[in-house]
Amino acid sequence: MVGLSRAMILFIVSSGMSLVLGVLRVPNIAHGSLYMIGAFSAFSISTLLGGGNAGFWLALFLAPLVVALVSFIVERALFCHLYEREHLMLLLFTFALMLILGDLVKLFWGADYRSIMAPPLLQGSIRILGSPFPKYNIFLLIIGPLVAVGLWLFTNKTKIGKISRAAAVDMEMVGAIGINVSWVFAFTFVLGCFLAGLGGALVSPTISITLGMDHDIIMEAFLIVAIGGLGNMWGALVGSLIFGLTQSLGVLFWPQFAIVFPYAAVVIALTWRPRGILKSVW
Amino acid sequence: MNALNLKRLGPGAAILVAAAVVPSIVPRFYTYILAVILITALLAMSLNMVVGHGGLYQFHHGVFYGVGAYTVALMLTKTPLPWWVGFVAGPFTAALMGFLIGLFCVRLNRLYFGMIQISLGSLIWALTFRWYGLTGGDDGIHGIPVPDVLSGVTRSYYVILIVFSVCLFFLYRIYRSPFGTTLRAIRDNPERCAAIGINVRRHQLFAIVIATFFAGVAGVLFVVVEQSVFPDLMFWVLSLEIMIMCLLGGWFTFSGPILGAALMVSLRTFAGVYTEYWTLILGVILILLIFFLPEGIMGYLSTKRKQKNGRRTVE
């Protein structure tokens, strides 16, 4: 069960990455940094508002918006000038972004460990099948599928979602029928980063917020997207479940090598289906 | 012809002579930095062979560096074998690892290639990071008993300089060989190369094996200088940093990565004295490079030279 709620966080973060990867064709290495910024802003906002219910919910709402704003500025100021370039350059650009954002977080928030409490409403635990289970994890289990459904509705039922899916398949054609591809890219990028921020805000009550959390999450998200199928949202869900569950199984059976289990699962999955378990959008 | 050769070899020879006399002039610390530069340069050149000349997305080159270093470290600390066995085994183990990982990777193209390499590399990193019994886990292994012939800053510097020069010679021969030319042709147009009967996958795999071998050599030299190993050698951030060095020096040039490595290592050393925000500086440099100098310093210079000489120096 802990694995499941961990998988939900991973899903929210990696679905954002998958979205960006699917449309822009760039693995956004700075995604983890945006996730970290999400967590740190959630901390600042909820401390500013004095904790409690209101503080937490507002933080959950505002922190992803802060992240989206940061990503919007970066995209319009710098990133959008590079779309014509080689993939490797785009990738290295996002790496540069990761380096810069990581240090900016250190400048703003310092290198201390931070933590915030879950709101009073979600504190404590309830018993399921005789074993105690934190309420907050249940909340994560509810919000994960909600995000999945929301994303699905968005990409399949709204016009801009359909445009972004079309841009993922054939960017030139979308441009040819008179849609401003650059803005579609900007929108997708910001939405993907919003999801990273949301993941960061959601995870903040369960872990200690610290520098370096970007490094941990980014590799996981990267691999989840790879095993799920690049750009496939459901693939991100499947990948997150595999990753989260193998991780908690590892902790259960062989704690020393718990970290190895998900990586081994990834290797097996990729050996079996090198292009991801589900179909990639490319 | 002779004059041209002399002109081309002249600066290289001058640098080599300069590098040979440096330890007797400058303080020990700078000798140490120079040694680190040489190691990093070798690593960057080996990466450039696959990324710059081979056009492969070798995202996790640092793993092979780490494998080379760890092989030596383990052989020296855990086995009674004579020391040179470890030093020979390091590069070969790295090359073997490169072959195994390469087998998986070359089946795929571009981004998938990079993805599977990152996942396999991370698996090795995770194993190293956690296997306290064998690798010392996140502490690494310290105080590796490097034989007397190689210890001491000045002596290890000369050893590294010699090994580096030999590797440089071989890398240059490979670069100039039919194999190197074929590799660059595959980078520029894989379909056409396949059509004229070149086994693209085999060439790419071979390139990876060679490159990982030299990364292993760099790893061995790292142990000679630092006498310790730690899992950060295999972390993906290092792999991307080497990539930046190649970018800074110039992807498509032979000697670019040396320059890139020299600049990066010295920048990191001297910026580290003044500020703790080194990665911020690195990020800004990288963005400036991507926007204004995507061919790197050497690439930019060689384009300039070609423009100046017009069509005279068509190679």
Side-chain angles (χ1 to χ4, degrees), chain A residues 21 25-27 29-30 33 74 78-79 81-82 85-104 106-107 111 215 218-220 222-227 230 250 254-271 274-276 280 282, chain B residues 51-52 55-60 101 103-105 107-133 137-138 235-237 239-241 243-244 246-247 251 275-291 294:
Chain A
L21 190 62
R25 314 253 157 136
V26 181
I29 297 177
S33 314
V74 169
L78 296 169
F79 203 31
H81 302 293
L82 290 173
R85 297 282 191 82
E86 223 192 320
H87 277 136
L88 204 55
M89 289 293 171
L90 295 175
L91 183 104
L92 284 173
F93 175 83
T94 61
F95 180 55
L97 209 58
M98 183 199 104
L99 296 173
I100 294 174
L101 289 178
D103 258 5
L104 285 182
K106 191 156 81 172
L107 262 175
H215 286 208
I218 187 64
M219 189 50 67
E220 293 175 354
F222 201 61
L223 297 174
I224 285 167
V225 170
I227 49 177
L230 302 190
W254 202 5
Q256 194 199 349
F257 284 102
I259 185 178
V260 179
F261 276 80
Y263 289 108
V266 168
V267 171
I268 292 166
L270 281 181
T271 316
R275 283 172 188 280
S280 141
W282 298 20
Chain B
V51 177
L56 297 168
Y57 281 12
Q58 179 100 343
F59 282 169
H60 216 332
I101 290 182
L103 268 184
F104 285 100
C105 293
R107 293 188 299 164
L108 300 164
N109 287 325
R110 313 297 274 174
L111 207 51
Y112 277 105
F113 179 104
M115 289 264 186
I116 201 160
Q117 190 172 50
I118 281 208
S119 54
L120 288 167
S122 304
L123 177 68
I124 294 173
W125 170 79
L127 271 173
T128 315
F129 193 74
R130 281 291 159 167
W131 200 343
Y132 286 95
D138 53 354
F235 201 49
W236 56 275
V237 173
S239 300
L240 283 177
E241 268 180 30
M243 226 174 224
I244 301 177
C246 297
L247 175 72
W251 288 115
T275 167
E276 56 174 319
Y277 297 106
W278 153 246
T279 56
L280 182 68
I281 300 169
L282 182 61
V284 173
I285 293 175
L286 181 54
I287 285 188
L288 291 176
L289 271 178
I290 291 169
F291 272 96

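Rounded to the nearest 0.5 Å, atoms CD1 (B:I244) and CG (A:L99) are 6.0 Å apart. Rounding to the nearest 0.5 Å gives a distance of 10.5 Å between CD1 of B:I118 and OH of A:Y263. Of the inter-residue distances, the one linking A:F95 atom CZ with B:T279 atom OG1 reads 9.0 Å to the nearest 0.5 angstrom. To the nearest 0.5 Å, the span separating CG on B:L240 from CG on A:L91 amounts to 6.5 Å.
Between A:F93 and the choices B:L289, B:I290, B:L286, the side chain to side chain contact (heavy atoms under 4.5 Å, CB included) rule is met once, by B:I290.
For the set A:I218, A:L107, A:I29, the entry with the most heavy-atom pairs within less than 4.5 Å of chain B is A:L107. Of the listed residues A:L90, A:L223, A:L97, the one with more heavy-atom pairs under 4.5 angstrom with chain B than any other is A:L223. In terms of heavy-atom pairs under 4.5 angstrom with chain B, the leader among A:L101, A:L104, A:L92 is A:L92.
What you find for A:A96 and B:I287 is that their closest heavy atoms are CB-CG1, 3.6 Å.
Using cut-offs of 30° and 60° for the angle between ring planes, the A:H215 and B:W236 rings count as tilted.
Annotation: side chain of A:M89 is in contact with side chain of B:L247 (closest heavy-atom distance under 4.5 Å).
For B:V237, the parts lying near chain A are the backbone and the side chain together; criterion is any non-hydrogen pair under 4.5 Å. Of the two parts of B:W125, only the side chain, counted from C-beta on, holds a non-hydrogen atom closer than 4.5 Å to a non-hydrogen atom of chain A. Using a 4.5 Å cut-off between heavy atoms, B:F291 contacts chain A through both its backbone and its side chain.
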